[in-house]
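In what follows, a single structure is set out as structure tokens and then discussed.
To find a chain, count down the sequence lines: A is the first, B the second, and so on, and within it residues start at 1. This is a predicted model, so every value here is computed, not measured.
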Amino acid sequence: MSIWEYANPLKFMGWTAPLVPVLWVLSGIALTVGLIWGFFLTPDDYRMGATVKIIYIHVPSAMMAINAWVMMLVTSLIWLIRRHHVSALAAKAAAPVGMIMTVVALISGAIWGQPMWGTWWAWDPRLTSFLILFLFYLGYMAMWAAIDDPDTAADLTSVLCLVGSVFAVLSRYAVNFWNQGLHQGASLSLDSEENVHDVFWLPLLVVLAGFVLLFLALVLVRTRTEIRARRLHAIALRERMG
Amino acid sequence: MGGLLEVKDLTVQRGGIAVLSGVGFTLDAGAALILRGANGSGKTTLLRTVAGLQPPMAGTVRVAPDAIAYAAHADGVKAVLTVAENLRFWAGVYGSVAIEDALAAFDLGGLAERPAQALSAGQKRRLGLARLIVTGRPVWVLDEPTVSLDRAAVGLFASAVQAHLAAGGAALIATHIDLGIDAAELDVTPCRAIATTAQGVFDEAFR
Amino acid sequence: MGGLLEVKDLTVQRGGIAVLSGVGFTLDAGAALILRGANGSGKTTLLRTVAGLQPPMAGTVRVAPDAIAYAAHADGVKAVLTVAENLRFWAGVYGSVAIEDALAAFDLGGLAERPAQALSAGQKRRLGLARLIVTGRPVWVLDEPTVSLDRAAVGLFASAVQAHLAAGGAALIATHIDLGIDAAELDVTPCRAIATTAQGVFDEAFR
Amino acid sequence: MIRLLIRDLALAVRAGGGFGLGLAFFLIVIVLVPFGVGPETVLLARIAPGILWIGALLACLLSLDRIFQLDFEDGSLDLLATAPIPMEGVVAVKALAHWLTTGLPLVMAAPFLGVMLNLPGPGYAWLVLSLVLGTPALSMIGAFGAALTVGLKRGGLLLSLLVLPLYVPTLIYGTEVARRGAEGLAVATPLALLAGITLAAVALLPFAAAAALRVNLR
Amino acid sequence: MIRLLIRDLALAVRAGGGFGLGLAFFLIVIVLVPFGVGPETVLLARIAPGILWIGALLACLLSLDRIFQLDFEDGSLDLLATAPIPMEGVVAVKALAHWLTTGLPLVMAAPFLGVMLNLPGPGYAWLVLSLVLGTPALSMIGAFGAALTVGLKRGGLLLSLLVLPLYVPTLIYGTEVARRGAEGLAVATPLALLAGITLAAVALLPFAAAAALRVNLR
Amino acid sequence: MPDLGKYAAEVLSAYGLTLVLVAGLILATWARSRRVRRALERAEARRADG
Ligand code: HEM
Ligand SMILES: Nc1ncnc2c1ncn2[C@@H]1O[C@H](COP(=O)(O)OP(=O)(O)OP(=O)(O)O)[C@@H](O)[C@H]1O
Ligand SMILES: Nc1ncnc2c1ncn2[C@@H]1O[C@H](COP(=O)(O)OP(=O)(O)OP(=O)(O)O)[C@@H](O)[C@H]1O
Ligand SMILES: [Mg+2]
Ligand SMILES: [Mg+2]
């Protein structure tokens, strides 16, 4: 039995059903612990003051925004190559989650930028590429919404996701070339010199785990909903046929 | 081994549900088949599947590559080009050159230099049909070709089809009227897919 | 004083050239007139002129204001609205409310909640014709109404027209087929304008 | 007529048309400008009111051809012309529907996009006010242009060509209000002129547009 | 295929379409900018390269939906799909026709419009070069977007939404070449990157676009 | 409550907006899931009957 068996819609519904509550509970715990830890039990940063607490929502949401797109890319590829419907529906389910994460990263960053850089918005490369990512999410979701036939929609959005990913990477480089920027470097990387101090780092990891679990829970529930909606669509069509 | 076009046990779908199932027929050189069926019975869907514009849900369509000339409700006529320019374009696409035969067959000689937008409904339709002749393809797949045509023009069409058959071609025609062509008829009504068997691969797996 | 629609000595033009001239007829309540004529003879042009969409070149069309319901080749159906929504919109425009009769007359009951884009060619046409009933107007002016309809649907159409006539309406219909309606026929071929008389006001002054 | 309005709004929302996408286009124009002119905030702040107005105008312009073209193509317009509604009413309703689905969302989005161009603080209120007053004129003038070009195959770009010069006065007074507002200067004069243009357009253009439509249907 | 190219060019010229009007739109956008941002020459000169590029991009964008939509509506695309030409060839030819009728005229008009915005002297050559290199990518990316949206009722604005983020890299390198050129700086790097994007787009996107078209015709 | 100093407004609004957005997403997900599940149950029941 190959692993693709699990992508059979019926099987998928079966094995994911018990998983959903577990994910909800785990993500709830991780988020509560991490956020309480980060918000109440960490000191202020000597440079950024209390604003450093924004890091606990900003960084995880930014990471999830990117990860959601990567997941859409992978599931789109699986759909195009192996034509597993669940895969296409999972991509559809992930898009709104990714988009909200992008918006959260943008908003928390903007609020952070006001005290730190004295402006809500600057055309920094990292910020700019996030804005472009947001546009990709919008276009991708608009595409799903605009097409009636589910398989056609899956095919076209997958092609869009593929080409879009290539262009998203291109944009990232182009934007870097265009403007050097104000934004923090990658402070989670271990060899970086300006590592965020351990005090901030540990709770951040916990929140990050919470966001990942929340993302998984949301995508799973949404995928299950999409599968049901698809089934409903088929039944409705059949009833119409009489 | 068999005819120009062989359809076996075909199931065709529209909007994700099967419309017709178990359709099968063979079309030999020189033969025409007329599809009958009430409005909404699935003739257009069947023809599009045969022409390769949409994939079959089940079953097979066996036909030589590049053998089919398809003509649908919309006839792909460009309003700002003249009749001759429209035909010449399609002739170029299909690698033929002469359009005189096609003009003559549908009595369009006098209209050759007229822009297509200044044609009446029936004249435009004749132009759409004339395109078939310049394709030079053996299998004609036609969806209600005689819409808007008057009786004389239906006669022209019938003789064009007969000439095509005589030259070793074949034709598959969906229509509601009597064309006066000597041809077999296939009523698609009995092939109507029963709702409960109308399932895509996906729904099958779901249940 | 005459019928619902009176056409006298009408000359109609298309692209600046007279197409038909000297057309005259009267349509009384309860009567239907079928227009005959080969493709390109000018039926569409005549109907558009009668419906007031284009001005006559000469002659008069006498008809009560707001008496005409016109249905043409294009039937004004919105693909994203459902059948019922399409009809309800037109019902609202014409100030009527009930669409049930119209749905029933063209056997659209089962399709009422279907988006128009998921209809077959003939089903869409039936929807276009159902619109006539919700207009509540006495004079129907119809251009090839039976295009794409199967025989059963042509029968539905004929009975709708007959019911309309029985209720004191009138109908002017251009068609190439036999509708099975008891009606006078008018062949427009003899009215064909001779090229030399085809002159607009401007050319007259210019000469 | 209210039926027509409802239908047009339903179509705009249903077809995934006017509503969200005019907005999206506005967003994207504003986003592109910094890529073009560079990221310096001082420069961006200076051109912000003008660019925002031009962006709104272009977003509006792009959706103009839907006003009549779709109804023309499927024959609805012929049928509406023979229906018991005056053509002027049809035009007015369609312009209103266009404003509701395009102009209004643009007005509401403008302040957020202003942030991206670093529009100075006092500018926001005046920007919104100028757009509220000006966009109805854009819709009405646009409906007139659309009525003129409706018969033509894909008149979309011809439409732009005709309409843009007509938009110039509205644009000038509109940006003047927004710019002076952003710099804290007096805005009464351009504001009054802007309001005047809008009122005149709404009062008179439906007649011109209806006449154009009738000619085009012929 | 050459037939298809000739027909598309004939249609563009005959229907009063692509050719003159993309150009006109470009002209008008450039003319509107001084109305929007005010007439100071220094300011205009600074934003000139960027605005010219954005104007060209928008003019290009507006004519994208004609690439396939008209052929789809009248059934030609169905017929082309059953004709003995590969779909990839159809896409490539149509993108080429779009470039010839839209991109090329824009390139030729840009220097004249540059004068209106006081583009500095050395900028002209670089502006034209960057447009020559960049506009083919715009046409090809646009053809891909048009292929994705062709089945949809009036996908025009959805098309813009999809295509604009894809245009960002081209726009950035293009304006960078034009801007650096105008300021007399080195342009080799962005020029090479711009050329790279164009080549890659022309080599790869026809396949993606053809796949999308086939799905849409289904 | 920790002392957020002069940045209280920023930090709290960032957390607040995030909460609103994420809670909205969760609610929307849950509501649609419930709606579709109900509708599907009804439809399956209808199929079983008819
Ligand atoms: C709208 C504005 C902003 C956006 C869109 C944004 C976006 C991002 C992104 C994409 C990341 C990378 C996450 C990752 O891959 O690890 C990130 C990380 C980060 N951002 Fe922001 N940011 C914004 C504003 C700010 C501001 C104003 C600050 C503080 C002054 C800030 C501080 C940080 C820090 C400390 C990190 C963690 C560094 C890292 O892990 O790479 N950001 N932000
Ligand atoms: N998107 C869709 N979803 C569901 N059903 C559809 C869809 N599109 C079409 N149908 C239905 O599929 C059936 C087959 O349509 P088709 O166009 O093949 O009929 P047809 O035989 O060509 O009819 P006509 O003679 O009227 O042209 C019709 O009953 C139609 O209502
Ligand atoms: N713009 C134009 N310039 C010149 N002649 C035109 C123009 N448009 C149409 N015609 C001609 O006018 C004549 C009348 O056309 P009309 O559409 O009225 O014919 P019809 O009787 O409706 O034909 P059909 O039965 O084919 O629909 C036709 O011969 C047509 O070729
Ligand atoms: Mg059909
Ligand atoms: Mg006619």
Would you compute the distance between atom [atom1] of [X] and atom [atom2] of [Y] and round it to the nearest 0.5 angstrom?
{"X": "D:R46", "Y": "E:R46", "atom1": "CZ", "atom2": "CZ", "answer": "9.0 Å"}
{"X": "D:L171", "Y": "E:F35", "atom1": "CG", "atom2": "CZ", "answer": "8.0 Å"}
{"X": "D:I51", "Y": "E:I54", "atom1": "CD1", "atom2": "CD1", "answer": "7.0 Å"}

Over 12 foreign heavy atoms within 6.0 Å of OH, D:Y173: no

Most contacts with chain E, counted as non-hydrogen pairs under 4.5 angstrom, among D:I47, D:L57, D:L61: D:I47

Heavy-atom check, side chain of E:V168 versus side chain of D:L32, under 4.5 Å: yes

Contacting region of D:L27 [heavy-atom separation from chain E under 4.5 Å]: neither

Chain D contact via E:L52 - side chain, backbone, both or neither, heavy atoms under 4.5 Å: neither

Contacting moiety of E:V33, where chain D heavy atoms sit under 4.5 Å: both

From CA spacing to verdict: side-chain contact (heavy atoms from CB on, under 4.5 Å), E:L43, D:L43: CA-CA 8 Å; E:L43 181 62; D:L43 180 62; 3.4 Å; yes

